[in-house]
There are 2 protein chains.
Amino acid sequence: MSPDPAPTPAPATPAALSLAERKRRLVSDELSEAALQLLATKGFDAVTVDEIGAAAGVSKRTFFRYFASKEDVVVRFLADMGTGIHAELTARPAGEPPSTALRHAVWVPVAACAGHSERALRVVQLILRTPALLARFLERQAEWRDHLAAELGRRHGLDPEIDLYPRMAAGMALTAFDAVLRRWSDSEGAEDPADLLDRAFALITPALDAVG
Amino acid sequence: MSPDPAPTPAPATPAALSLAERKRRLVSDELSEAALQLLATKGFDAVTVDEIGAAAGVSKRTFFRYFASKEDVVVRFLADMGTGIHAELTARPAGEPPSTALRHAVWVPVAACAGHSERALRVVQLILRTPALLARFLERQAEWRDHLAAELGRRHGLDPEIDLYPRMAAGMALTAFDAVLRRWSDSEGAEDPADLLDRAFALITPALDAVG
DNA sequence: CCGCGCATGTCACTCGGTGTCAAGATGTCA
DNA sequence: TGACATCTTGACACCGAGTGACATGCGCGG
């Protein structure tokens, strides 16, 4: 899944980046920029990795030293979302009802989209309408679900290997996430993500909080 | 998505299959058999399409005339499930509560698994633990969700483009399907699919039937 | 018997992705 | 300053998935 060297690793000391690290980050950004630009305009299959490399001024081989696959460039955009959800969930107070905790957790990536909507919208649209990308994205979501289920099990003293609740609750939360993302994408960003998320969670809250 | 000619089309007259049609079916079955056998034992990436073709006695090119991709062979095994779910849902009586209708709909593929558990189990396991296959499978599920949402909208007089309920309900039902499949797979077929499905639906029923 | 269509095999090609190696840049220590 | 180690890159060869084009062989209707 990961390229050869650690790609764009979060630096231990944000202030003092080594020169090499900054150079790596520069190339990575250049590649990402070029790729997103090309893919969003020409479509996923119509762009070759050679093209992306050329646009960024590096070789195809170098591209693959930064990104595991062509899909990876795009999905990376959404990748941190998963960890964001999980982190937020663990940070929520223990006594909080599942619906509230999960809504706040899912809000993290949604807010990120709502924030820089210009670019995020185009990338989300690219993902949702490109089968190969959608597949990768859903694959990520499946991972998130595992992690969320584990965390929910921890919060409520349930074993995800025995009780169905954790996995189901995580699945419902991500279903809401998915519905919101799609509606936001289809409406060209016109619909308010916060409102969509609230409405989606209103639908699943009765099931979420009926934990026994 | 689909190979060149219509692959294994359901014949209009099951009794009188043309010779050509039977030949196609034969090759398709042979290919499918060989592929599933090889993939399940050696793992997805360790098997080349040339190998599969050789095992079935045809060329690589012919393989791709029957299956759109290597993933396709496996996913096809689960593909009809989607149409099965949808067909069952449309067949359910109109007055039925959503939870009941959806439970019966999702039961169709689950029952198919429970039926020929020997082979189905191995294929399901192959899919769930091979990233590329899982991705394809999830992609299919996304399609099912669209269709189910449309059908649910029809049943309840809601526009899936306006109300979130249809998509959310479809998503919850598929979340249950997913949880059941995974638990069944992880338990090596020991857990009872019917029981798992009932328990999964018990969790989402309050949300499903709270349609307004 | 002849031609038509269909399935197949062969070949060549594109493209995603990887292994390998040699060369250049940089950083360090003496 | 010079020798050495490390890291990044480009170039090249290679594999495997997937496709297009063409030729061949077979069954079927005339």
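Of all nucleotides listed (dG18(D), dG16(C), dT8(D)), dG18(D) comes nearest to the side chain of Phe64(B). With dT9(D), dG18(D), dT10(C) as the candidates, the nucleotide lying closest to the side chain of Thr62(A) is dT9(D). Nearest to the side chain of Arg61(B), among dG18(D), dC11(C), dT9(D), sits dC11(C). Listed candidates were dT8(D), dG16(C), dA17(D). Nearest to the side chain of Arg24(A) is dT8(D).
Across all non-hydrogen atoms, the minimal contact from Pro193(A) to Trp107(A) is C-CZ3, 4.1 Å. Nearest approach of Ala176(A) to Phe201(A), heavy atoms of both residues: CB-CE1, 3.8 Å. Shortest non-hydrogen contact noted between Ala200(A) and Val180(A) is CB-CG2, 4.2 Å.
In this structure, NZ of Lys23(B) is placed 6 Å from C1' of dC26(D), rounded to the nearest angstrom. Rounding to whole angstrom units, CG of residue Leu31(A) and P of dT8(D) are separated by 15 Å. Rounded to whole Å, the distance from CD on Glu71(B) to C1' on dA17(D) is 9 Å. If you measure from atom CZ of Arg136(B) to atom P of dA17(D), you get 14 Å, rounded to the nearest angstrom. Here dT8(D) presents its P atom at 18 Å from CD of Glu30(A), a figure rounded to the nearest Å. Here the C1' atom of nucleotide dC28(D) and the CD atom of Glu21(B) are 15 Å apart, to the nearest Å. If you take CZ of Arg65(B) and P of dA17(D), they are 17 Å apart, rounded to a whole angstrom. Separating the CG atom of Leu39(B) from the P atom of dA17(D) is a distance of 10 Å, rounded to the nearest angstrom.
For Arg122(A), the salt bridge (charged side-chain N to carboxylate O under 4.0 Å, His left out) criterion is met by no residue, not counting sequence neighbours.
When heavy atoms are screened at a 4.0 angstrom cut-off, Lys60(A) is found touching base atoms of the nucleic acid.
Sorted by first and then second residue, the pairs that involve residues 42-58 of chain A and meet side chain to side chain donor-acceptor pair (under 3.5 Å), not counting sequence neighbours, are Lys42(A)-Glu51(A).
In this structure the side chain of Val124(B) never reaches within 4.5 angstrom of the side chain of Phe77(B), judged on heavy atoms.
Look at Tyr66(B) and you'll find a side-chain N or O under 4.0 angstrom from OP1 or OP2 of dT8(C).
Ring orientation note: the planes of Trp144(B) and Phe137(B) are nearly perpendicular, at an angle over 60° on the 30°/60° scale.
For the segment residues 43-54 of chain B, residues with any heavy atom less than 4.0 angstrom from an atom of DNA chain D are, sorted by number, Val47(B), Thr48(B), Val49(B).
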